[in-house]
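Structure record follows, encoded as structure tokens.
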Amino acid sequence: MTTSNELENLLRGMLREFLDDRRVPAANIDQLSDLDLESVQVMEFMLEVEDHFDIAIDVESFSNARTIQDLAQIVAKRSQ
Amino acid sequence: MDLLSKFEAVAEIPRQLNGGSLDPTNVVMDQLVSATEAVVQGRSVILAGTNNYLGLTFDAECIEAGKRALDQAGTGTTGSRMANGNFTAHQALERELAEFYDMPHAVVFPTGYVANLGTLCGLLGADDCVLLDADAHASLYDGARMSGAEVYRFKHNDPASLDAHLRRLKARATRTLIVTEGLYSILGDTAPLAEFVAIKQRYGAYLLVDEAHSLGVYGDRGRGLSDAAGVLPEVDFIVGTFSKSLGATGGFCVSAHKALALLRYTSRPYIFTASASPSVIATTRTALALMQKRPQLRQQLWRNAHELHAGLSNLKLQLGSEISPIVSVGFDSREAALACWHSMMKSGVYTNLVVPPASPDGSSLIRCSISAAHTSEQIQCIVDAFANAIGAAESAKGAASV
């Protein structure tokens, strides 16, 4: 079973790769609300997370996640 | 920081887009000469970005019908459909739309935006889900948000992504409304509706198709992409607008479900907005009849679409994968698209500049929409204006690298 730390690290890795692919600089990727992402990119990342974990995340919950920890909680809850 | 501080950043937008005296987001048409020509800042321009697919805005029969309605019913309804703004002509248009689609129910709204807001708000409740195509129009997204339903998105035009999302929603799939468009307004690509219908049937979900840009364009009778794909009876709700092929303003929803008729009691955007003016309803009804009487308009539209696409293909521009009346040219940067737009205006051609965040995939585009009313000469002018703009950009690049 994946621990919350493992899940956070997994999401962190996915996000880092996503940002690197799009050349979006980010000093602190844990703080999702500070990332300089366009709305299209936020949605692309949401679709990527949904596919990776085979879960459905509604747009509002995803948008309300301010940190990587918030996102990990959403993923954990939807994966149950 | 106070209430209005955030507008300091907004004020940068027109400054960034302004290449002289023209802001692409605020072009003023000083005079409309015809369905395909206007005067902007004292110069004649060819309109190559107005969604006037059948060119009916200056049709003599439509204008006459509008004038007659002004004389007979006045300038406005001064109220909502639920109160005093429900005229015989509004109901007649609803009947005509229902007959046109062979569906029993139709509701008319004062704009296309309100049609989407009103339909989604009226249909969906807090316990429902809405599954939107990732590129769906802002009005569909706004309506979904406003309804209070849980909003999910699937990858643009991707049946596998739609299927996966419905599977993940499990039992809630039967309370899910899938929302897609027919012809997409920016890139001019079309939804795989037959596949979407097969998937929604497998899960017991519902499907709404926005035919805003495909009404009058697709299908033997101009009923849109659902009809062209042979799945019109299987689509639960069709929404559309009068402000493109029908040359007016307004929107509608048609359906075989009786729930649509009851939406008049559940949809706040329907209940609390003033109804369309009699003259607008009159020109819409006439245009709807003409669209059916004159299939040659649609045939001419497609001939023109192919002609423009061929002309731009010869210039080796970045074009979309499908040929349609919407032809978008991709650019490597926002600056390049902006420079091209200004150059096109100087050449006397009005197009639409589409840059992030307005573009669906984050790209920068010049969007053209062709009309049945464009002449071959005008289409050649559009192609020549692109050639000039690209040529000037190449020369500037060459000069810069010397």
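Protein chains get the first letters and strands the later ones, always in sequence-line order, with residue 1 at the start of each.
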Partner chain A: residue of B:Ser161, B:Cys129, B:Gly362, B:Ala134 with the largest heavy-atom pair count (under 4.5 Å): B:Ala134
- prompt: Heavy-atom count around B:Arg268 CZ within 6.0 Å, excluding the residue itself: above 12?
  reply: no
- request: Could you tell me whether B:Lys6 atom NZ has more than 12 heavy atoms of other residues or ligands within 6.0 Å of it?
  value: yes
message: Counting only heavy atoms not in B:Asp332 (residues, nucleotides, ligands), do more than 12 fall under 6.0 Å from its CG?
response: no
- prompt: Does some side-chain heavy atom of B:Arg168 sit less than 4.5 Å from a side-chain heavy atom of A:Asp51?
  reply: yes
- prompt: Where does B:Arg145 contact chain A at under 4.5 Å (heavy atoms): side chain, backbone, both or neither?
  reply: neither
- request: Give a yes or no on this: more than 12 heavy atoms of other residues, nucleotides or ligands lie within 6.0 Å of atom CG of A:Asp36.
  value: no
message: More than 12 heavy atoms of other residues, nucleotides or ligands under 6.0 Å from CD of A:Glu60: yes or no?
response: no
Euclidean distance, A:Glu50 CD relative to B:Arg153 CZ, rounded to 0.5 Å: 11.0 Å
field: Which atom of B:Tyr152 lies closest to which atom of A:Asp58, heavy atoms considered
entry: CE2-N, 3.2 Å
message: Need one label for A:Val40: side chain, backbone, both or neither, based on atoms under 4.5 Å from any heavy atom in chain B.
response: side chain
field: A:Arg66 CZ: over 12 foreign heavy atoms closer than 6.0 Å
entry: no
query: What distance separates B:Lys155 NZ from A:Glu44 CD, expressed to the nearest 0.5 Å?
result: 10.0 Å
